[in-house]
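This report concerns only the one structure given below.
Not measured: the values here are computed from a predicted model. Labels below follow one simple rule: chain letters A, B, ... track the order of the sequence lines, proteins then strands, and each chain is numbered from 1.
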Protein chains: 2
Amino acid sequence: MNISLENIRNMDSRERGRLINSAIGFKPATLLGTVDEEKRTNLAIISSVFHLGANPALIGIIFRPDVTARHTLTNIRDTGFCTLNHVSKAIYKKAHQTSARYEKDQSEFDTCGLTQEYHHDFIAPFVQESPIQLALKLVEEKEITQNGTHMLIMSIEGIYMKDQYVSSDGNIDLDAADTICVGGLDSYYECSLIERLPYAKPDKSII
Amino acid sequence: MNISLENIRNMDSRERGRLINSAIGFKPATLLGTVDEEKRTNLAIISSVFHLGANPALIGIIFRPDVTARHTLTNIRDTGFCTLNHVSKAIYKKAHQTSARYEKDQSEFDTCGLTQEYHHDFIAPFVQESPIQLALKLVEEKEITQNGTHMLIMSIEGIYMKDQYVSSDGNIDLDAADTICVGGLDSYYECSLIERLPYAKPDKSII
């Protein structure tokens with residue numbers, strides 16, 4: 001089938017949201033932990049996280065201020081920090097429930113049954129149940145003028161996980177950590193390694 | 001274990017690259033098809049694609065001009081268009097091989113054994129073996145000054161796939177399409193649906 005630009009524009013908004021959100025394929029499933037200026041905690045699931053660079057270690061996160069994770073964005077702006085926690089198969093339902101529109105004085109840690117954890121003096125709460133946890137610091141916010149979304153550039157300040165998730169060459173074994181991924185708005189997928197492939201070279205085909 | 005900012009900075013660059021690229025979890029595995037001004041084709045695997053918004057339908061792509069997919073970025077700038085093709089389990093090795101540094105006059109379609117396909121009068125080549133294909137148009141390029149990467153904002157102009165991959169509510173069944181995902185730089189994962197969850201509401205917990 002061919003879905004044209006005209007078809008996309010004329011679609012019911014919910015149908016279009018589901019289609020376009022699933023059109024690029026799988027996305028990371030992560031929980032962002034923050035505090036507001038009164039140290040009240042917040043937790044939100046988000047899939048719009050992407051790699052920006054390894055040196056310095058930077059990631060990007062897209063926010064739609066009026067729609068998703070509105071308290072998270074405010075908290076990151078106010079404090080400069082958040083945590084990023086991988087969603088595992090054991091907690092995907094609790095993680096999804098954080099997307100409900102709870103009031104600002106309700107912590108999703110409490111309403112969704114997840115446990116706060118703190119490392120050193122980092123201000124934002126980690127998710128104890130999460131197998132891989134990152135400490136993130138706000139570097140810059142950019143507005144995407146085409147649709148009013150905001151991109152946060154965040155630096156990775158620390159990574160917390162079990163020793164056995166990291167190979168001797170630095171690669172994280174996401175399979176061992178039981179990290180899952182998300183498709184579209186609401187489909188959760190478990191992943192199993194097919195194969196790690198060697199660095200590709202023109203004169204040495206792996207096909 | 002705790003990997004500190006100090007540890008990350010002092011790491012061997014390849015180890016750091018593997019660690020940081022796998023730290024956010026799973027990423028989409030996609031092939032970008034382009035042509036240069038002489039209509040010579042190019043194909044490159046990329047995992048730094050993310051959802052920007054459904055209305056208008058926009059996605060973002062991160063490029064590191066000196067390192068990855070250098071011909072792809074030039075071709076998109078010169079022509080304004082590219083295709084995005086899901087990597088399926090059947091073609092992941094060929095898709096990975098496109099990351100080798102072939103010369104500009106070598107088409108990865110030929111060197112990696114994938115088939116060009118054209119839809120209507122869209123200038124860029126699609127990958128015939130890919131289950132889900134998107135036609136993309138360049139909207140804007142932004143430089144990320146912190147590390148010299150470039151973000152392209154692209155609009156989705158059309159989607160091509162089999163009817164059975166789309167649910168009646170608009171969601172794409174990535175499992176049926178056999179789309180895979182990538183972890184880090186070189187680990188390919190197959191995904192199977194755990195569950196689709198309902199829209200989360202504060203007063204109706206799904207936990």
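Heavy atoms closer than 4.5 Å to chain A are found in both the backbone and the side chain of B/I156. For a residue to count as touching a neighbouring chain, one of its non-hydrogen atoms must lie under 4.5 Å from one of that chain's; by this rule B/K204 touches chain A with the backbone only. The parts of B/K94 that come within reach of chain A are both its backbone and its side chain, each placing non-hydrogen atoms under 4.5 angstrom from that chain. For B/V87, no part lies near chain A; criterion is any non-hydrogen pair under 4.5 Å. Looking at B/T149, the atoms closer than 4.5 Å to chain A (heavy atoms on both sides) all sit in the side chain, from C-beta outward. Looking at B/M11, there are no atoms closer than 4.5 Å to chain A (heavy atoms on both sides), in backbone or side chain. Only the side chain of B/H120 comes within contact range of chain A, with heavy atoms under 4.5 Å apart. Contacts between B/I8 and chain A at a heavy-atom distance below 4.5 Å involve the side chain alone, from C-beta outward. In this structure, chain A has heavy atoms under 4.5 Å from both the backbone and the side chain of B/D175. Contacts between B/L197 and chain A at a heavy-atom distance below 4.5 Å involve backbone atoms as well as side-chain atoms. Contacts between B/I153 and chain A at a heavy-atom distance below 4.5 Å involve the side chain alone, from C-beta outward. Interface remark: B/T179 contributes backbone and side-chain atoms alike to the contact with chain A (heavy atom separation under 4.5 Å). Heavy-atom distances place no part of B/Y165 under 4.5 Å from chain A, backbone and side chain included.
No more than 12 heavy atoms of other residues, nucleotides or ligands lie within 6.0 Å of CZ in A/R14, so this atom counts as exposed by the packing criterion.
In this structure a side-chain-to-backbone donor-acceptor pair under 3.5 Å is missing from A/E15 to B/N171. Using a distance-only test at 3.5 Å, with no hydrogens or angles considered, a donor-acceptor pair links the side chain of A/N147 to the main chain of B/L52. A distance-only check finds a donor-acceptor pair linking the side chain of A/H86 to the backbone of B/A23 [under 3.5 Å]. A donor-acceptor distance shorter than 3.5 angstrom exists from the side chain of B/H96 to the backbone of A/P198, with no hydrogens or angles considered.
Atom CD1 of B/I172 sits about 12.5 Å away from atom CZ of A/R18, to the nearest 0.5 Å.
Interface summary for chain A: among B/S155, B/S187, B/G184, the most heavy-atom pairs under 4.5 angstrom belong to B/S187. When each of A/K162, A/K27, A/Q146 is scored by its heavy-atom pairs under 4.5 Å with chain B, the top score falls to A/Q146.
Contact between B/I180 and A/F26 at its shortest, heavy atoms only, is O-CD1, 3.7 Å. The minimum heavy-atom distance linking A/A54 with B/G17 is given by the pair CB-CA, 3.9 Å.
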